[in-house]
Amino acid sequence: MRRSNYFLPTLKENPSEAQIVSHRLMLRAGMIRQAAAGIYSWLPLGCRVLKKIEDIVRHEMDATGAQEILMPTIQPAELWQESGRYDDYGKEMLRINDRHERQLLYGPTHEEVVTDIFRTCVKSYRDLPCNLYQIHWKFRDEVRPRFGVMRGREFFMKDNYSFDLDKVSAVHSYNKMFVAYLRCFARMGLKPIPMRAEAGAIGGDLSHEFIILADTGESEVFCDKKWLDNDPLNIDVNYRSDLQSIVNKWTQFYAATDDKHDPDSCALPDSEIFEGRGIEVGHIFYFGKKYSRAMNATITNADGKEIELEMGSYGIGVSRLVGAIIEANHDSNGIIWPESVAPFRVGIINLRSGDNQCDSACDKLYEELKTVGIEVLYDDRDERAGVKFSDMDLIGVPWQISVGPRNLKNGVVELQRRGQKEIKEEIPVGSILSRFL
RNA sequence: CGGGGUGUAGCGCAGCCUGGUAGCGCAUCUGCUUUGGGAGCAGAGGGUCGGCAGUUCGAAUCUGUCCACCCCGACCA
């Protein structure tokens, strides 16, 4: 992408409405625009990152055997009246009447809709287990939206729903999601910590929330230092085999948020405790028959008996992750994207646009990188070098290639890793491409 | 939903107390000079001062009311 035709409205100054760093940087980097409190438009740069995260999540979900669907954002009130949640959910649910005065709502979650789909379409135990997911918009009318996309009212979320015949199978479905979640967050360059959680409004008796560590996180976290050395990507996963040992391994160490942490009763010595801050980015629930019973979602088992389905639901805040990743990866100059979610992998800075040598060297490099499929942003604007450096740092492109007349005389360009200012490499123009293959 | 705060050009702000018809910086446009970490000079454009209703000869400024947004708390992916 050539910067001169890329819609990227960066800001030099901090918008006054934004307080926390990820919100400020997302506005300054031209990723989002606020339309109303807690409601945002996603501009090209933000959209790219959102889709990168979405793709990682989709890939990991597909690997577990889950199948993607899309359910409506607008739902009929009847389903919620049937489950009993229409009254329970309260003012957080945005309620709408259509022209016929039918009661509708903008979905805050989709247990009711998916249960309705399942009960009418699936009648035999042979079709189980089944896990359906979507990556879609939801709306919760928060009393007080804040922190930009981290706590908006409209948000982009991945939500799965598992259906099983019995509890053993349902727990396996739960464990699959548990492991897949660890992998998702790790692939985004984050340190996930699963914590035993209250099931809250969703209901049920088995639940974990996934917290990622970030210095500027919303809640305080206390955990065993052994967490910091665990890497989920080292797990050799076969989703068909029993996963309980992996889940056990990942829940054996101490971890608690500040409201649950009691220094007096904690068995760990202080020297073993890591004290940090975190952001919740995922939550999984096993809730058994709560909805299948209320909504009469039954199935005939092998013995010809009609039984209620065992269910679970599993959420990842995809749009929240954009903010969370920035909270975990930034410096005073801007965002530092992990490569897996970066909007562009490489940025080319033409230090002297208009200079024939610089222009042609940049053009050539740009075309070469594009040809081999590397996402590259080429700043070809007629701006001063400082403006381009600052902008490229702000939007956090992982690799910066600076092309200027001084170095070009010696046939080299400069390669720099975002976030490691001290390391600058001078590389012959001809061999830069091979660095990215 | 309780408490606090702010609405003036695309962004950041001053002016309001003490009424006299709007200003600064950045950004934008034009020209010249510059060019390796947010350039300099000269010129230009851009505002129903959040909305409505009052007070007044006259309101960004005073009064009332509504709205929007932000912060702290309670609540949450």
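Reminder, nothing fancy here: chain letters follow the sequence lines and each chain counts from 1.
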Could you give me the CA-CA distance, side-chain angles and deciding distance for A:D380 and A:R3, then say whether salt bridge (Lys or Arg N to Asp or Glu O under 4.0 Å) is met?
-> CA-CA 6 Å; A:D380 59 337; A:R3 181 69 165 84; over 6 Å; no
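Spacing of P atoms, B:G10 relative to B:G73, comes out at 33 Å, to the nearest Å. Look at the C1' atom in both B:C24 and B:G15: the space between them is 10 Å, to the nearest Å.
An OP1 or OP2 oxygen of B:C13 is reached within less than 4.0 angstrom by a side-chain nitrogen or oxygen of A:S16. Contact between the side-chain N/O atoms of A:R151 and the OP1/OP2 oxygens of B:A77 is not found at any separation under 4.0 Å. Taking 4.0 angstrom as the limit, A:K388 places none of its side-chain polar atoms (N or O) nearer than this to OP1 or OP2 of B:G37. Within the 4.0 Å cut-off from OP1 or OP2 of B:U35, not a single side-chain nitrogen or oxygen of A:R384 is found.
In a base pair of the Watson-Crick type (N1 to N3 plus N6-O4 or O6-N4) or a G-U wobble (N1-O2 and O6-N3), with each distance short of 3.5 Å, B:C32 is matched with B:G40. In this entry B:A68 has B:U6 as its Watson-Crick or G-U wobble partner, both defining distances falling under 3.5 Å. In a base pair of the Watson-Crick type (N1 to N3 plus N6-O4 or O6-N4) or a G-U wobble (N1-O2 and O6-N3), with each distance short of 3.5 Å, B:U61 is matched with no nucleotide. The base-pairing partner of B:G45, taking Watson-Crick or G-U wobble contacts with both distances under 3.5 Å, does not exist among the strands shown. B:G73 is paired with B:C1 under the criterion used here, namely a Watson-Crick or G-U wobble arrangement in which both key atom distances are under 3.5 Å. Base pairing analysis places B:C13 opposite B:G23; the two distances defining the Watson-Crick or G-U wobble pair are each below 3.5 Å.
By the 5.5 Å and 30° criteria, A:F155 is stacked with the base of B:A77.
Shown here are the ring-ring contact (aromatic ring centres under 6.0 Å, His included) partners of A:Y366, two or more places apart in sequence or in another chain: A:Y378. With sequence neighbours excluded, the residues satisfying side chain to side chain contact (heavy atoms under 4.5 Å, CB included) with A:D393 are A:N333, A:Q400, A:R418, A:K421.
Cation-pi check for A:R95 over A:Y86 is met; the charged atom lies under 6.0 angstrom from the ring centroid and within 45 degrees of its normal. Geometric assessment of A:R140 against the ring of A:F155 yields a negative cation-pi assignment under the 6.0 Å and 45° thresholds.
Comparing B:U28, B:G36, B:C72 by their nearest atom to the side chain of A:R146 picks out B:C72. The nucleotide whose nearest atom lies closest to any side-chain atom of A:E13 is, among B:G36, B:C26, B:C72, B:C26. Which of B:C76, B:A27, B:A74 sits closest to the side chain of A:R140 comes down to B:C76.
Along RNA chain B, the nucleotide closest to A:D391 and the one closest to A:E92 are compared, and the more 5′ of them pairs with A:D391.
The aromatic ring centroids of A:F178 and A:F210 lie less than 6.0 Å from each other.
Between the side chain of A:W227 and the main chain of A:Y254, a donor-acceptor pair closer than 3.5 Å is present.
At a threshold of 4.0 angstrom between heavy atoms, the contacts of A:P405 include nucleobase atoms, whether or not backbone atoms are also involved. Residue contacts for A:D355: at a heavy-atom cut-off of 4.0 Å it reaches no nucleic acid atom on any strand shown.
Within residues 28-58 of chain A, the residues having any heavy atom closer than 4.0 Å to RNA chain B are, in order of number, A:R28, A:Q34, A:A36, A:A37.
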